Novice: 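First the structure, then my questions, so here it is.
In this text the structure is predicted, and so the values were computed from the model without any measurement. In each ligand, atom 1 is the first atom listed, and ligand 1 is the first ligand listed. FYI, side chains are in, hydrogens and waters are out, and symmetry mates aren't considered; it's all heavy atoms of this structure.
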Amino acid sequence: MPLRRPRAVLATLAVFGVTALATTGLLSGCTGLFGAPVISTVGEVEFGAPLAIPPLAVSTVDADGTRVFDLTADEGGTEFLPGQATPTAGYNGSYLGPTLRASRGEQVEVRFTNRLDETTTLHWHGMHLPAAIDGGPHQPVAPGASWTPRWRIDQPAATLWYHPHPHGETADQVREGLAGMFILDDPAEAALPLPRDYGVDDIPVIVQDAAIRPDGSLGFTSDGFVGKLGDTLLVNGTVGPYLDVVTDVVRLRLLNASSARIYRFAFSDEREFAQIASDGGLLSAPVPVRGVQLSPGERAEVLVRMAPGEHVVLRSELPDLGGVVGFGGAADGASDRFDVLELRAAGVLASTGSVPAALVPVERIDPGEASEVRDFVLDGTQINQQKMDMNRIDAVVTVDTTELWRVRNNMSFPHNFHVHDVQFQVVSIDGAPPPPELAGWKDTVYLPPDRTYELVMRFADYADAEHPYMYHCHLLRHEDLGMMGQFVVVEPGQDVKIEESSHDHH
Ligand code: C2O
Ligand code: CU
Ligand code: CU
C-alpha cells in the first residue's frame, strides 16, 4: 500500500529509526508483511470537527411495560472528509447506530430490519440473554427480513454494544459502520455521584481506525497478522474531533469497535485519570491510571478531571502488547500512535462532584466452586486446533454451575478472548492476581503471548440445548477465519440437540 500520510510517517522516523527501513520496503522480504508503515498522527490532527454524539435511540413503552426499539441496517454514504462520500452502512443512519439505553429489570424488544443487500445478524455484545436471541451466526437475518428479539435486562449497569456477527463476514460489516452502543442503568450506579448526562458530561467514545482512499472508499494502510489497520481514527464516526467540556469531571465511555487495532488511551499531558468500569460494569473502586488499553471489543469507563479553559488531547500511545515486538509488531499496530480527541474545557465549569472513593461491591466468584475446568489454547487462527464449525458443539455447560476457563495465547502475535452469555472475572494471569482494572466484570480480555489467563464464570440460567453461544478471538479477521467455538448451556443430564444450520458453509 502506498503511504497516504507522509507527513505523519516522517515525523515518526526520527523516533523509530528501524522503521525507516520498514517503510521503504527493505524489510518486507524478511517480514513477509509488506513493509508495514509506522503511523503517528500525534500533533498532526487539526480537531476541526465537533465530536458526533450518536443519538439516544427513541423507544416506546408497550402496554405491558416492554421498552421497544426500532433498528434498521442500511447502506449509505458518509462524508468523513469534506466533499468525499465514503460508502458506509449504519443502523437508522449512514454510519454506526443510535445508543440504546435500558434499565436493569426492564423488558426490552428490538424490532430489527435488514435493508442491506446481504445477510447480517445483530449481536448484543456483553448482554446476558437467551442463546436463541444472542444474534450470533445462528440467527441470520436475510436481506429484507426482520427479527424481533425480546428479553429482560438482568445484569448491572454497564457500557455494552451491538454489532453484526454473520459467520465469516463480521469484519467487513463492522468496518462499514455497523456498530452501536447499548448503555444499561441500574439503581446502584444511579446512587453514585457520577456524571450521567448523556452527550454533555457522559460521553460515548467509539473508536475505530480506517484508511480513506482519495476516492472516499475505505481501504487499509497495513494488513498484518491482526488484520487490516488504518491510519485515520474515527471517533463516533468523526475525523479529527473535539469535545466542548462544560463540567469539572467528564465521563468517557470508551469502546474499541475496531476490527484489529489495540489502543492505549492516555492524555497528552500524561495526567492521571480514573477508570471506573470495565466491560461488564463498575469496578469496586475507581482505579487511578495514566493509560487504559483496550483490544477490539473491550470497553472502559473513565472519569477525567478538567480545569477551566484547558485543552488536553486524548491519545492512543504505544500499546503494551506483552511481548509482541519486532518487525511483525509494526504490521500489528505495535508502533503506532494517534491523537484521538481534543477535550476543550469552557472558562467556567459546572461541578459534577468528586470522584467517589468507592463504587459498587463486585462480588468475587470463588474459583474453588468451579465444577468444570476447561483449557482453550489459541494458536494460528484456531482454538484447540479446531476451526469453528456451526454444527459442532465444543463445550456443554450445565446450567447453574461455575466454570474455570484457562485461556492461553500460544503465539507471539496478539489475540484476545470473548465469551458470550456471561461476564467473567480474571482469577489469575500466570498464577498472579490481575491488576485492579482487570478485577471487575469482563467479557473480552487481551491475551499477550505465552501467558495463561484463568477466567471464572457463572452460568446462572437460560438453559437451551438447541442454541449455542460463542466464544472467540475478537480480532475480527481471526473470528471470521473460524477462531471461534460454540457452547450450549443445558439442564443437568440434558442431551444436546443442535439444529442443522441453514447458514453453514462447511
Ligand atoms: Cu462482539 Cu461474538 O462478539
Ligand atoms: Cu459478544
Ligand atoms: Cu486472534
Novice: Would you say that M484 contacts K387 through its side chain, given a criterion of any heavy-atom pair below 4.5 Å between the two side chains?
Specialist: no

Novice: Let me check your reading of the structure: within less than 2.8 Å of atom 2 (Cu) of ligand 1, is there an N/O/S atom from H123?
Specialist: no

Novice: Under 2.8 Å from the Cu ion (ligand 3), which protein atoms of type N, O or S occur, listed by chain and number?
Specialist: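 Only H415 ND1, C473 SG, H478 ND1 fall inside 2.8 Å of the Cu ion (ligand 3).
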
Novice: So which atom in Q486 and which in R392 form the shortest heavy-atom distance, rounded to 0.1 Å?
Specialist: NE2-O, 2.9 Å

Novice: For D480, give me all partners under salt bridge (Lys or Arg N to Asp or Glu O under 4.0 Å), at least two apart in sequence or on another chain.
Specialist: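 Applying salt bridge (Lys or Arg N to Asp or Glu O under 4.0 Å) to D480 gives none.
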
Novice: Take atom 2 (Cu) of ligand 1 as the vertex and measure to NE2 of H165 and NE2 of H472; round to 10°.
Specialist: 100°

Novice: Do we see a donor-acceptor contact under 3.5 Å between the side chains of Q173 and T120?
Specialist: yes

Novice: Side chains of Q208 and Y95 only: does a donor on one sit below 3.5 Å from an acceptor on the other?
Specialist: yes

Novice: Flag H474 as yes if one of its N/O/S atoms falls below 2.8 Å of atom 2 (Cu) of ligand 1, otherwise no.
Specialist: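 Checking atom 2 (Cu) of ligand 1 against H474, no N, O or S atom falls under 2.8 Å.
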
Novice: What I want to check is whether the side chains of H138 and H467 have a donor and an acceptor closer together than 3.5 Å.
Specialist: no

Novice: Please identify which of these residues, H163, H165, H420, meets the ring-ring contact (aromatic ring centres under 6.0 Å, His included) condition with H474.
Specialist: H163

Novice: Looking at side-chain heavy atoms only, is the closest gap between F413 and P449 below 4.5 Å?
Specialist: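 Of all side-chain heavy-atom pairs linking P449 with F413, none is under 4.5 Å.
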
Novice: Could you check which N/O/S atom of H125 is closest to atom 1 (Cu) of ligand 1?
Specialist: ND1

